[in-house]
Amino acid sequence: MATLRRLFLLSILFSMLFVPFASPTPVLFEFSGRVRVGDLNATAPTVLNLSTGVWPVELSVGNVTLIFNLSVGDVPLVVRVDEPLLDGALSGFSTATVFLDGRKVPTPESEKSPCMSAPNWTSGEGETSMMGPSKPVPMETVLFASCRVRDYLLLPSGLPVAVEYAGVKKYCLFKISADGGGWSSYGGCSRRPVENAVVPVQVRILSKPANATVYVNDFHLFGEWFTPMRLYLPFTPELSSYSISLGANGYPFVSGVVVSEKNLTVFADLSALSRVVSVHPEKGTLKVSTRPSNASLAIFAGNRKVFSGRSPLRLALPAGTYTVSASLPGYGGIVKNVTVPVNGSVSLNLTLSPLPAELNVTTVPLGAEVRVGNRTCTSPCSLNLTPGVYNVSASLRGYLPNSTLVLLSPGDLRNISLQLVRRPILRILTSPGGATVTVGEKRCLTPCNISLIPGNYSVTVEKEGYEKVFLMVSLHVGDVTMVNVSLRERLPLTSSSETASHETTGTVPRSVGGDWEPVLAVLALLIVAALFIKIRRGG
């Protein structure tokens, strides 16, 4: 028996564990205001995910609160408020609460009573009065006329009131005692003036349909207070407002506050109020894709986020208008409005643009020309670039160029520095000066400097009337190499007339310095070799 019991309990537990949990149903509240469902508070328009059941709902639109019970199943719902209809259905209230499900109230038929005879207000002294509201202070109700003319004066205990009705002004003062369920009052109204009397405000109370039951400060005068009716209400700093409620069976019930310093009309269209809020089962499908994919998505109904996830997305929602926001690190965000149709679907394709990358470039020394793609600037400088791979180069007169490759991702902030080194300088002096120096395609007149890139160079030095000199130099980074060249005059050639005279005399001419030519040639070669060795050691 115990074993069977254990098996039975285990089977119940097992079945409970494997009962699928019902997913919440999205409900779109489509109006401008505040919504409260159970413990949930939100700004509408909004979507609330509610479980199946009956939920108490409060909708606040301006100075009006609408209260009703919402039945939620497994189909998405749309709750709408006809705000123009609501504006025209109520007037005269400072604030009002509408109980859309209504309340049971007495009717003129259920409270039918004989017409009460009342003294004529316009003649003599006195009045006909009955009990009135008990809060915030006990009050007496004065009937201005008999047979349900429905004109009444409220007199708070101890408050002198000066009121004029049908052209006759009287002063009223009552002292009321209400405790332990008992009620007693003494005083009355007369033409004799009373000091510091308050003049009441005339408040007309109307409804559609007529004969709605009226409450003032939660008090209803049996057989009397039904619309249309008129109240004379005294206002004081201590009694600055009154609660007026009215309703009819089968219609919404309205409870509001009136605050006034002048005559006013309070009106409630109960028939219209029954149509102000509509609830519809409207289901639609929203599909969202982004490029690139896997973007963060947020879906808003008004100011409230109703869903968050990642693209691509397929989501069932109540029909209505939504705002979709997509974002991805390194890309600019994008926001689009979309309308989800009733019993249909809508697709939204969003393309995110990569954020520009910022590249800051400095050089040592400063002032170099920086080139990045087809953009140039003078260092230090900053460039906004589209993401990609760039060759960043820097050049400065008298320095060797430098460059590097940089990969820029969307939204990157990169700082790079390029070190520039001086070009080697060849400084040439000649004796005498003014000689032409040729190094590759560069030329100068001595004394002069030539800026070159590192390497080995052939240098030619020449001057009119002097023998041409050839040098080989090796230049390194940052070197300043000085070469001092002594030029030798070129010897003049023998004239043809001298040769002829020698020939005529039969004497064999002897070339000038003919015996010294080999010696001079050797000396020249030695000088060139010495200069070359000196240059090499200096490098």
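- Contact annotation: the side chain of R36 never approaches that of V57 to less than 4.5 Å [non-hydrogen atoms, C-beta and beyond].
- Residues N49 and P24 approach most closely at CB-CB, 3.8 Å, considering heavy atoms.
- The backbone N or O of V276 lies less than 3.5 Å from no partner atom in the side chain of D82, so there is not a single donor-acceptor pair.
- With values rounded to the nearest 0.5 angstrom, L85 atom CG is found 8.5 Å from S274 atom OG.
- In summary, D218 and K135 engage in a salt bridge, as defined by a charged side-chain N under 4.0 Å from a carboxylate O.
- A donor-acceptor pair under 3.5 Å links the side-chain atoms of E111 to the main chain of G223, judged by distance alone.
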Residues 241-260 side chain polar contacts: donor-acceptor under 3.5 Å, at least two apart:
residue	atom	partner	partner atom	Å
Y242	OH	P234	O	2.4
S245	OG	S255	OG	2.9
N249	OD1	V105	N	2.9
N249	ND2	V105	O	3.1
S260	OG	K262	N	3.0
S260	OG	K262	O	2.4

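- A donor-acceptor pair is defined here as one N or O able to donate and one able to accept, closer than 3.5 Å; such a pair exists between the side chain of R375 and the backbone of N384.
- The minimum heavy-atom distance linking L155 with I176 is given by the pair O-CD1, 4.0 Å.
- In this structure, CZ in F29 is found 5.5 Å from CG in L70, a value given to the nearest 0.5 Å.
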Problem set entry | Working for side-chain contact (heavy atoms from CB on, under 4.5 Å), residues V324 and L286 | CA-CA 10 Å; V324 180; L286 173 62; 4.2 Å; yes
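- Around the CZ atom of R204, the shell of radius 6.0 Å holds no more than 12 heavy atoms that belong to other residues, nucleotides or ligands.
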For this session: Would you sort out whether L231 and W225 count as a side-chain contact (heavy atoms from CB on, under 4.5 Å), showing the intermediate values?
Result: CA-CA 10 Å; L231 285 174; W225 282 2; 4.2 Å; yes
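- Not a single donor-acceptor pair under 3.5 Å links the side chain of E358 to the backbone N or O of S382.
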For this session: Evaluate the criterion side-chain contact (heavy atoms from CB on, under 4.5 Å) for residue pair F307 and L315; output intermediate values, then yes/no.
Result: CA-CA 9 Å; F307 181 85; L315 184 66; 3.7 Å; yes
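- Under the 4.5 Å side-chain criterion, counting only non-hydrogen atoms from C-beta, S94 is not in contact with N63.
- No donor-acceptor pair closer than 3.5 Å links the side chain of S409 to the backbone N or O of D412.
- Between P209 and T227 the shortest heavy-atom distance is O-OG1, 4.3 Å.
- Distance check: L48 CG to L28 CG gives 9.5 Å after rounding to the nearest 0.5 Å.
- Here the side chains of V392 and L418 are in contact, with some heavy-atom distance below 4.5 Å.
- For G158 against L173, the heavy-atom pair with the smallest separation is C-CD1, 3.5 Å.
- In this structure, the separation between CG on N360 and CG on L383 is 8.5 Å, given to the nearest 0.5 Å.
- Of all the heavy atoms in A272 and A89, the pair that sits closest is CB-CB, 4.0 Å.
- Taking K305 as the reference, nothing meets the salt bridge (Lys or Arg N to Asp or Glu O under 4.0 Å) condition, with sequence neighbours excluded.
- Residues R191 and V168 share a closest heavy-atom pair of NH1-CG1, 3.5 Å.
- Interatomic distance, E224 CD to T141 OG1, rounded to the nearest 0.5 Å: 9.5 Å.
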Problem set entry | Pair Y322-V47, side-chain contact (heavy atoms from CB on, under 4.5 Å): steps then yes or no | CA-CA 10 Å; Y322 297 88; V47 171; 3.5 Å; yes
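- In this structure the side chain of V277 never reaches within 4.5 angstrom of the side chain of R80, judged on heavy atoms.
- The ring of F99 has its center no closer than 6.0 angstrom to the ring center of F68.
- The main-chain N or O of F219 is never found under 3.5 Å from a side-chain atom of N217 such that the two would form a donor-acceptor pair.
- Residues S91 and T265 are not in side-chain contact: their nearest non-hydrogen atoms beyond the backbone lie 4.5 Å or more apart.
- Put simply, the side chain of T128 does not reach to within 4.5 Å of the side chain of V142, judged on heavy atoms.
- The closest side-chain heavy-atom distance from V203 to R230 is not below 4.5 Å.
- Between Y232 and L154, every side-chain heavy-atom pair lies at or beyond the 4.5 Å cut-off.
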Considering only distance and modelled atom types, tabulate donor-acceptor pairs under 3.5 Å from the side chains of residues 333-353, sequence neighbours left out.
residue	atom	partner	partner atom	Å
N337	OD1	T323	OG1	2.8
T339	OG1	T321	OG1	3.3
N349	OD1	S289	OG	2.5

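- Under the 6.0 Å distance and 45° angle rule, R150 does not count as a cation-pi partner of Y152.
- Side chain to side chain, T290 and S293 fail the donor-acceptor criterion of an N or O pair below 3.5 Å.
- Side chains of E140 and S129: a donor-acceptor N/O pair is present below 3.5 angstrom, by distance only.
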For this session: Before giving the answer on side chain to side chain donor-acceptor pair (under 3.5 Å), spell out for T25 and D74 the whole-Å C-alpha distance, their side-chain angles and the decisive distance to 0.1 Å.
Result: CA-CA 6 Å; T25 300; D74 57 0; over 6 Å; no
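- The CG atom of L100 sits 8.5 Å away from atom CD1 of I67, with the distance rounded to the nearest 0.5 Å.
- Under the 30°/60° scheme for interplanar angles, the aromatic rings of Y215 and H220 are found to be tilted.
- Checking R310 against S296 by side-chain atom types alone, a donor-acceptor pair falls below 3.5 Å.
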